[in-house]
Amino acid sequence: MPEGPSIVILREEAAHLTGMRIADVSGNTRLDKARLKGQTMVALRSWGKHFLIEFRSFSLRVHFLLFGSYRIDERRADAVPRLSLGGARGELNLYACSLRFIEEPLDTVYDWRTDVMSDHWSPARARKKLIERPQLLACDALLDQDVFAGVGNIIKNEVLFRIRVHPLSTLGALPTAQRNALVREARKYAFEFLAWKKAYVLKKHWLVHTRRICPRCDVPLHKGKLGRTRRRSFYCTQCQVLYADNDTAVR
DNA sequence: ATAAATGTTAAGAA
DNA sequence: CTTCTTAACATTTA
């Protein structure tokens with residue numbers, strides 16, 4: 001559920017609730033639910049993996065982490081919502097998610113240029129951030145939400161394979177063309193992810209994520225928990241080049 | 001059935 | 001004061 005494109009789908013699916021005044025609130029969240037009653041959903045927005053419900057004087061931030069889910073205009077029979085917001089236009093049910101109020105205007109809290117799904121996405125800004133951190137590993141860079149908000153582990157693996165860069169490459173050792181390709185492909189793949197997910201054909205388009213054989217080399221893929229975050233990396237040591245300065249650990 | 005997974009955060013350790 | 005490690009959270013699928 002969680003990567004950026006999935007949140008865009010949620011935003012689109014819930015669009016008809018925009019402008020709705022909340023009549024019914026329930027759920028097992030520890031948040032002050034009473035505050036939401038009577039509020040009008042002014043806008044439904046998103047930033048990376050954050051789903052944002054904007055009210056007149058504050059907002060609600062929804063993060064689905066690894067296991068969260070939602071139902072729109074229906075309710076799961078087998079689970080109590082973390083939060084349910086109902087009104088004349090329908091009902092939004094959120095499960096197993098992290099909720100937080102945001103008091104400041106969203107435009108002062110979020111830099112929309114960082115969101116790979118946003119119309120305001122700025123590749124130039126991302127490129128600049130990458131140049132500023134030469135020691136950062138390619139696999140960690142893609143997961144850094146301050147650089148690529150919305151990119152998750154699937155997108156990470158697919159992007160690195162597409163641009164033929166080994167996940168343990170350091171940014172400083174990457175040729176400029178590859179560094180730029182990293183930024184370009186993150187955005188491009190995120191939108192392909194979106195289209196495939198909408199068509200329910202996302203998984204079959206995965207080239208390396210959860211795969212065992214390199215589709216280019218026909219050689220076994222490597223699998224390892226790499227980088228700062230120790231997230232799964234699937235990669236081919238034959239066609240993904242390791243760019244490293246000197247003594248960077250290899251595997 | 002046990003583990004692992006599209007993720008983040010807080011707390012404690014180094 | 002960082003920076004790193006670990007645990008916690010919670011659900012579905014292999």
Side-chain angles (χ1 to χ4, degrees), chain A residues 1-11 13 27-31 46-52 60-71 75-84 93-102 109-110 114-117 132-137 139-162 167-168 170 185-212 221-235 248-249:
Chain A
M1 157 65 306
E3 300 196 34
S6 302
I7 303 303
V8 169
I9 291 173
L10 161 57
R11 188 158 45 76
E13 288 178 350
N28 58 20
T29 178
R30 290 186 300 183
L31 234 53
S46 66
W47 178 87
K49 300 166 189 171
H50 299 197
F51 176 56
L52 304 162
L60 179 66
R61 190 198 84 169
V62 183
H63 199 303
F64 293 95
L65 301 167
L66 217 44
F67 316 123
S69 63
Y70 63 87
R71 292 289 189 285
R75 200 178 266 253
R76 287 174 51 161
D78 59 332
V80 177
R82 172 69 29 87
L83 183 65
S84 175
N93 293 306
L94 306 167
Y95 303 87
C97 51
S98 158
L99 301 172
R100 218 151 102 175
F101 286 127
I102 295 178
V109 176
Y110 290 102
T114 309
D115 176 8
V116 295
M117 302 309 295
E132 285 166 356
R133 297 167 69 183
Q135 306 288 23
L136 194 62
L137 300 178
C139 59
D140 286 331
L142 278 162
L143 292 177
D144 189 329
Q145 301 300 295
D146 291 329
V147 184
F148 299 105
V151 168
N153 208 35
I154 296 171
I155 297 176
K156 175 198 82 178
N157 283 320
E158 295 296 311
V159 165
L160 290 174
F161 178 74
R162 284 180 164 207
L168 292 178
T170 55
E185 205 61 36
R187 162 92 169 175
K188 183 160 166 261
Y189 186 80
F191 277 88
E192 288 178 25
F193 182 123
L194 174 64
W196 287 330
K197 175 132 193 173
K198 281 181 177 175
Y200 303 102
V201 293
L202 177 62
K203 278 188 195 177
K204 77 171 189 188
H205 286 278
W206 289 347
L207 298 176
V208 290
H209 193 259
T210 71
R211 298 271 123 100
R212 310 193 61 166
L221 289 170
H222 286 246
K223 178 181 166 181
K225 308 228 171 178
L226 307 184
R228 200 148 290 213
T229 53
R230 305 267 153 182
R231 300 282 246 107
R232 296 199 287 181
S233 279
F234 296 87
Y235 56 102
T248 311

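Each chain gets a letter, A, B and so on, in the order the sequences are listed, and its residues count up from 1.
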Engineer: Quick one: is A:Lys225 getting a side-chain N or O under 4.0 Å of the B:dA5 phosphate, OP1 or OP2?
Structural biologist: yes
Engineer: Picking from B:dT6, B:dA5, B:dT8, which would you name as closest to the side chain of A:Leu65?
Structural biologist: B:dT8
Engineer: Report the distance from atom NE2 of A:His50 to atom P of B:dT9, rounded to the nearest whole Å.
Structural biologist: 6 Å
Engineer: Between C1' on B:dA5 and NZ on A:Lys203, what's the gap in Å once rounded to a whole number?
Structural biologist: 11 Å
Engineer: Side-chain N or O of A:Lys49 versus OP1/OP2 of B:dT6: is the shortest distance under 4.0 Å?
Structural biologist: no
Engineer: For A:Arg230 and for A:Val80, find the nucleotide of DNA chain C with the closest heavy atom, then tell me which residue's nucleotide is more 5'.
Structural biologist: A:Arg230
Engineer: Take atom OH of A:Tyr200 and atom C1' of B:dT6, then tell me their distance rounded to the nearest Å.
Structural biologist: 17 Å
Engineer: Could you tell me whether the side chain of A:Gln145 and the main chain of A:Val151 form a donor-acceptor pair under 3.5 Å?
Structural biologist: yes
Engineer: Looking only at the side chain of A:Arg76 (C-beta and beyond, no hydrogens), which of the listed nucleotides C:dC4, C:dT11, B:dT8 gets closest?
Structural biologist: C:dT11
Engineer: Rounded to the nearest Å, what distance is computed from the CG atom of residue A:Asp140 to the C1' atom of nucleotide C:dC4?
Structural biologist: 13 Å
Engineer: With rounding to whole Å, what would you report as the distance between B:dA3 and C:dA7 at their P atoms?
Structural biologist: 15 Å
Engineer: For residues A:Val201 and A:Lys204, report the shortest heavy-atom separation together with the two atoms involved.
Structural biologist: O-CG, 3.4 Å
Engineer: What's the CZ-P distance between A:Phe234 and B:dA4, to the nearest Å?
Structural biologist: 12 Å
Engineer: What integer distance in Å separates A:Gln145:CD from B:dT9:P?
Structural biologist: 9 Å
Engineer: So for atom CZ, which belongs to A:Arg100, do other residues, nucleotides or ligands contribute more than 12 heavy atoms lying within a distance under 6.0 Å?
Structural biologist: no
Engineer: If you assign A:Ser98 and A:Ser6 each to the DNA chain B nucleotide with the nearest heavy atom, which residue ends up on the more 5' nucleotide?
Structural biologist: A:Ser6
Engineer: Are A:Asn28 and A:Arg82 packed together at the side-chain level, in the sense that at least one heavy-atom pair is separated by less than 4.5 angstrom?
Structural biologist: yes
Engineer: May I have the distance from A:Asn28 (atom CG) to C:dT11 (atom P), rounded to whole angstrom?
Structural biologist: 8 Å
Engineer: Check the distance between C:dA14's P and A:Arg211's CZ and give it to me in whole angstrom.
Structural biologist: 13 Å
Engineer: With the side chain of A:Arg61 defined as its heavy atoms from C-beta on, choose the nearest nucleotide among B:dT9, B:dA5, B:dT6.
Structural biologist: B:dT9
Engineer: Is a side-chain N or O of A:Arg211 found less than 3.5 angstrom from the main chain of A:Trp206, in a donor-acceptor match?
Structural biologist: yes
Engineer: B:dT6 phosphate, OP1 or OP2: any side-chain N/O from A:Arg232 under 4.0 angstrom?
Structural biologist: yes
Engineer: Applying the Watson-Crick and G-U wobble criteria at under 3.5 Å, what pairs with B:dT6? Answer none if nothing qualifies.
Structural biologist: none
Engineer: Could you please name the option among B:dT6, B:dT8, C:dT11 that lies closest to any side-chain atom of A:Ala96?
Structural biologist: C:dT11
